[in-house]
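Written out below as structure tokens is the structure these notes cover.
Here is the naming used below: chain letters follow the sequence lines, and residue numbers restart at 1 for every chain.
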There are 2 protein chains.
Amino acid sequence: MAYSKAGQFPRMDVEIASIAKALAHPARVMILQHLARMQTCICGDIVSELPLSQSTVSQHLRELKKAGLIKGEVDGPRVCYCLNIEKLRRANLVLNQLFKDIKCY
Amino acid sequence: MAYSKAGQFPRMDVEIASIAKALAHPARVMILQHLARMQTCICGDIVSELPLSQSTVSQHLRELKKAGLIKGEVDGPRVCYCLNIEKLRRANLVLNQLFKDIKCY
DNA sequence: ATTGTATATCGTAAATATACGATATAAATA
DNA sequence: TATTTATATCGTATATTTACGATATACAAT
């Protein structure tokens, strides 16, 4: 991220921002939705679902993994991705708390 | 945004991403929280609340305005900002719908 | 009219994000 | 072992974001 002052913001606000950042690209939103539909957390399929090259999709997957929203597991020559349910529940909680704090729910 | 393919993603996913992007910096989260606390939507106060320069805060305010999450109204030499409650409700709705879609709530 | 105050905008630098093709890696299969 | 397949990473180009100081703007007050 192009901000150099992360330490100067409240911990919770940094967490909210980090979660929001992971959701801040339509490709990544689509990836989450796709992973939710296919319980059998397919992987190369994601590439064919998106209008983006394989390497770009791989970058988005890395972003989602970095934020903890998905997990990837090697399975032979391929990698199976799946949602990280706990972290996503936490994301939902944290965002709802924000809207509650600002009285918009 | 550094993506050139917005038209190729579902409208709803673009909306989610755009909302998330507005929330993707702790300074902007803090601004929303501050505006919620002070109903009298103060403005220059925001600058003194944040560890950032006046011009940088102004940029963040512009981002929030662009996303529609806040409104700014000129009042003499100063500008009063306040939350855009309807848009924030919509943001909450849309994000909750995402978490519902992916079964993480 | 001049001065002061509050914001926005400009110019700029540096970091990060997006996107792709090409290449490397790792594992299954022939 | 060689080949195919699936994915990640590298290199690179471009766009965007973050951040600041300096300057412009717009209004109020002197």
Side-chain angles (χ1 to χ4, degrees), chain A residues 1-9 13-14 17-31 34-35 38 40-67 70-82, chain B residues 1-9 13-14 17-31 34-35 38 40-67 70-82:
Chain A
M1 207 177 298
Y3 64 83
S4 40
K5 309 197 151 187
Q8 310 190 39
F9 294 102
D13 292 351
V14 172
S18 142
I19 289 165
K21 199 165 114 60
L23 300 177
H25 193 294
R28 294 196 287 269
V29 174
M30 284 188 76
I31 289 172
H34 186 71
L35 288 178
M38 323 289 285
T40 46
C41 51
I42 295 153
C43 137
D45 286 349
I46 296 168
V47 174
S48 41
E49 285 287 311
L50 297 180
L52 296 171
S53 74
Q54 181 266 321
S55 55
T56 301
V57 171
S58 197
Q59 269 184 52
H60 284 302
L61 288 167
R62 196 198 329 187
E63 288 290 308
L64 286 168
K65 234 190 316 185
K66 197 182 71 183
I70 65 173
K71 294 186 271 192
E73 207 180 324
V74 176
D75 164 33
R78 62 201 77 190
V79 178
C80 271
Y81 283 101
C82 58
Chain B
M1 202 180 297
Y3 64 83
S4 41
K5 309 200 155 187
Q8 311 190 37
F9 295 102
D13 292 351
V14 172
S18 141
I19 290 164
K21 199 165 113 65
L23 301 176
H25 194 294
R28 294 197 287 270
V29 174
M30 283 187 79
I31 290 171
H34 186 71
L35 288 178
M38 325 290 284
T40 47
C41 49
I42 296 152
C43 137
D45 286 350
I46 297 168
V47 173
S48 41
E49 285 287 313
L50 296 180
L52 295 171
S53 76
Q54 181 267 321
S55 55
T56 301
V57 171
S58 197
Q59 269 184 49
H60 283 302
L61 288 167
R62 195 196 331 182
E63 288 291 307
L64 286 167
K65 234 191 315 187
K66 198 182 70 182
I70 67 173
K71 293 187 272 196
E73 207 180 325
V74 175
D75 164 34
R78 61 200 78 191
V79 178
C80 269
Y81 283 100
C82 59

> So do B:L35 and B:I46 actually touch side chain to side chain, heavy atoms under 4.5 Å?
Replying inline: yes

> Side chains of A:S58 and A:Q54: does their closest heavy-atom pair fall under 4.5 Å?
Replying inline: yes

>> Go through it in stages, so that I can follow the logic: the residues are A:R78 and A:D75, the test is side chain to side chain contact (heavy atoms under 4.5 Å, CB included), and I'd like the CA-CA distance, side-chain angles, deciding distance and then a yes or no.
In response: CA-CA 5 Å; A:R78 62 201 77 190; A:D75 164 33; 4.1 Å; yes

> Hey, is the side chain of B:Q59 pairing donor to acceptor with the base of C:dA8 inside 3.5 Å?
Replying inline: no

>> Given C:dG21, D:dA8, C:dA8, identify the nucleotide with an atom nearest to the side chain of B:L61.
In response: C:dA8

> If you check the A:R78 side chain, which of D:dC20, D:dA6, D:dA8 turns out closest?
Replying inline: D:dA6

>> Output the rounded distance in Å from CG (A:L50) to P (C:dC20).
In response: 11 Å

> Considering only D:dT18, C:dC20, D:dG21, which nucleotide approaches the side chain of A:L52 most closely?
Replying inline: C:dC20

>> On a heavy-atom basis, which atom in B:R28 and which in B:H60 lie closest, and how many Å separate them?
In response: NH1-ND1, 3.0 Å

>> Could you tell me how far apart B:F9 (CZ) and C:dT18 (P) are, to the nearest whole angstrom?
In response: 10 Å

> Are OP1 or OP2 of D:dA8 and a side-chain N or O of A:S58 less than 4.0 angstrom apart?
Replying inline: yes

>> I need the NE2-P distance between B:H60 and D:dT16, as an integer number of Å.
In response: 17 Å

>> Side chain of A:P77 only, heavy atoms from C-beta on: which candidate in C:dT7, D:dG21, D:dA6 is closest?
In response: D:dA6

>> Under 3.5 Å, is there any donor-acceptor pair linking the side chain of B:Q54 to the base of C:dA6?
In response: no

> Starting at CG of B:D75 and ending at P of C:dA6, how long is that distance when rounded to a whole Å?
Replying inline: 12 Å

> Taking the nucleotide of DNA chain C with the closest heavy atom to each, which residue, A:A27 or B:G44, is nearer the 5' end?
Replying inline: B:G44

> Is B:T56 near enough to D:dA19 that one of its side-chain N or O atoms lies under 4.0 angstrom from OP1 or OP2?
Replying inline: no

> Given side chains that start at C-beta, do those of B:M38 and B:H34 come closer than 4.5 Å, heavy atoms only?
Replying inline: yes

> Can you check the B:R62 CZ to D:dT18 P distance for me, whole Å?
Replying inline: 12 Å

> Quick one: B:E49 CD to C:dA6 C1', roughly how many Å, whole number?
Replying inline: 17 Å

>> From CD of B:E73 over to C1' of D:dA26, roughly how many Å is that when rounded to an integer?
In response: 16 Å

> Between C:dC20 atom C1' and B:Q8 atom CD, what is the distance in whole Å?
Replying inline: 14 Å

>> If the cut-off is 4.0 Å, is A:R28 near the phosphate of C:dT18, judged by side-chain N/O to OP1 or OP2?
In response: yes

